[in-house]
Amino acid sequence: MADYRDRLQGKMEKEEESRESSLPPSPYGPIGSTPGDVGAVQRQEGREGPQFFAAFAATLGNLVMGTCIGWSSPAGPLLAKPEEEDGFSLSDDENSWVGCLMPAGALLGGQVGGLLMTKLGRKGAMMTGAAMFAVSYLLLVVAPNVWVIYVGRFCTGVCTGICSIVCPVYVAETATASRRGFLGSCVQLMVTFGVMLVIVVGVCGSWRWISISCLVMIVVWMIALIFVPETPAHYLSQKKYREARESLEWLRGTVHVDQEYQDILKSVEESAKLSAGLGDLFSSSNLAPFIISLWLMLGQQFSGMNAVMFYCVSIFQQSGSSLNSNVANIIIGGVQIVATIFAALVMDKAGRRLLLNFSSSLMVISIGALGAFFYIADNLGDEDLAKKIELLPVASLSLFVFAFSIGFGPIPWLMMSELFSPEVKSLASSISTTFNWTLAFLVTKFFTTMVAAVTEAGAFWMFGGFTILTFFFCFFFVPETKGKSLDEIQQLFRSEKPYFFNIGPWKVCRGEEAEDRRALVQEEF
């Protein structure tokens with residue numbers, strides 16, 4: 001109870017200080033007004049349309065990023081065709097490089113994206129990324145040999161890394177607090193639309209036309225970016241106060257933005273004062289969040305999702321199912337879109353722990369069933385049984401993609417932004433993101449090697465086995481962050497007792513009851 005009283009008192013003191021403090025007046029009057037008009041202006045409600053359009057323009061970059069992630073699934077089998085059919089007769093090993101060079105490029109792109117945001121701003125970085133994407137996809141369209149394909153895929157990976165950093169930041173810095181959660185969830189949703197786009201176009205049977213369709217979306221993205229402003233936060237970080245004010249007024253559809261302007265200014269000034277080194281990640285209050293974030297990234301990639309998405313068409317072809325592999329791929333893409341929408345709607349109601357545990361449980365069942373299908377087809381020699389369960393690959397992969405999309409797809413990225421204290425967030429997030437793309441490279445490069453060594457059944461069962469470990473880690477060591485402020489989350493890790501003693505299963509094991517009844521430290525079992 002002492003810990004609870006201390007936290008409660010600290011929270012009440014902060015609220016009291018907030019009531020006593022007063023914000024300084026805005027340094028500017030409403031744009032277009034004269035000094036004599038300011039006092040006569042009545043407060044008005046703004047419009048949400050501009051911030052929705054700004055979010056749409058930014059997340060078009062995530063759609064293009066999704067086309068890059070999903071490109072090798074329909075294009076890989078087409079590239080394996082002979083040259084007279086516009087292929088390059090790629091072997092499985094060569095096709096694995098087509099898949100894995102994208103995450104390899106994203107490793108570099110993440111660092112480039114951070115540099116571009118600082119030098120050119122959020123909008124400038126997106127415009128640069130779009131131009132680089134256009135050149136990269138143009139290489140894929142005109143590629144005369146597999147080496148140009150490799151270069152194009154690596155370059156699109158660099159652009160993907162840039163988009164994965166810049167586009168979410170733009171959305172977060174332009175959305176109001178009440179709309180930030182919804183618009184932030186659209187980032188992942190647009191990625192799934194991008195994956196679906198290349199899957200659908202892949203039905204035409206030409207990897208060049210797949211790339212052309214991606215080029216069209218890049219042009220749409222660049223046109224949309226022309227009409228949106230730079231973020232107010234970036235302008236303020238460059239001490240361009242008037243431009244920041246004008247940007248904020250455009251985004252809110254009103255000139256009455258004094259309060260929000262001052263809030264953003266205060267946040268930017270405070271962020272500029274915060275800095276941390278690598279050693280700070282290993283302090284007692286930062287080490288646990290860092291380990292949690294890394295394990296969630298590990299669980300995300302070692303679930304096998306990227307292997308499934310990169311080689312989905314090949315998996316269906318190898319299963320011998322009578323269902324057209326491209327049609328099956330479209331079904332999987334549709335399931336991913338529906339599941340992502342569902343996750344966005346229930347994320348703040350169900351909580352992170354419940355969704356992570358539910359997601360990992362379903363993934364174990366579904367990928368285990370997929371492995372069982374390949375084991376039956378390859379080893380039992382029972383053609384009648386294999387014929388009866390020929391739809392099992394579609395059903396199990398649909399369930400797997402659904403389970404991933406409601407939990408381990410969005411939540412590791414969401415919790416990465418919630419767990420870290422402000423002074424280490426930039427460094428820790430950068431390391432976690434780099435770790436994630438490194439794992440993505442390893443999984444996509446060596447999946448075909450795993451299949452050759454232990455068969456499809458063995459490879460999928462290995463993914464399932466690791467996901468079982470991930471389930472237990474989430475069940476015992478991942479705290480609930482739903483409904484908690486960032487400061488309240490940090491209090492979990494700054495307590496004198498281990499943070500996981502506040503998690504439901506450990507309380508049951510210790511024979512404790514939840515001592516904190518308020519939402520301040522609400523825990524979910």
Would you tabulate the side-chain donor-acceptor contacts of residues 154-161 under 3.5 Å, counting partners in other chains and residues two or more places apart, or write 'none'?
from   : atom 1 : to     : atom 2 : distance (Å)
Thr156 : OG1    : Gly152 : O      : 3.2
Thr156 : OG1    : Arg153 : O      : 2.8
Thr160 : OG1    : Thr156 : O      : 2.9

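Note on residues 463-479: no pairs pass side chain to side chain donor-acceptor pair (under 3.5 Å), not counting sequence neighbours. Annotation: salt bridge (charged side-chain N to carboxylate O under 4.0 Å, His left out) contacts involving residues 431-451, sequence neighbours excluded, comprise Asp93-Lys445. Sorted by first and then second residue, the salt bridge (charged side-chain N to carboxylate O under 4.0 Å, His left out) pairs with a member in residues 395-406 form an empty list; sequence neighbours excluded.
Here Trp295 pairs with Phe466, Phe473 under the ring pair (Phe, Tyr, Trp, His ring centres under 6.0 Å) rule; sequence neighbours left out. Applying the side chain to side chain contact (heavy atoms under 4.5 Å, CB included) rule to Asn286 yields the partners Ser283, Ser421, Val424; only residues at least two apart in sequence or on another chain are considered. Residues passing the side-chain hydrogen bond (donor to acceptor under 3.5 Å, both in side chains) test with Ser396, sequence neighbours excluded: none. For Tyr170, the ring pair (Phe, Tyr, Trp, His ring centres under 6.0 Å) test picks out no residue, with sequence neighbours left out. Residues that satisfy the ring pair (Phe, Tyr, Trp, His ring centres under 6.0 Å) test with Tyr150, not counting sequence neighbours, are Trp147. Applying the side chain to side chain contact (heavy atoms under 4.5 Å, CB included) test to Ile341 and every residue at least two apart in sequence or in another chain returns Leu189, Ile337, Leu345. Under the ring pair (Phe, Tyr, Trp, His ring centres under 6.0 Å) criterion, Phe446 pairs with no residue at all, not counting sequence neighbours. Contacts of Glu173 classified as side chain to side chain contact (heavy atoms under 4.5 Å, CB included), with partners at least two apart in sequence or in another chain: Arg122, Val169, Thr231, Ala233.
Here the CG atom belonging to Leu90 is positioned 10.0 Å from the OG atom belonging to Ser96, to the nearest 0.5 angstrom.
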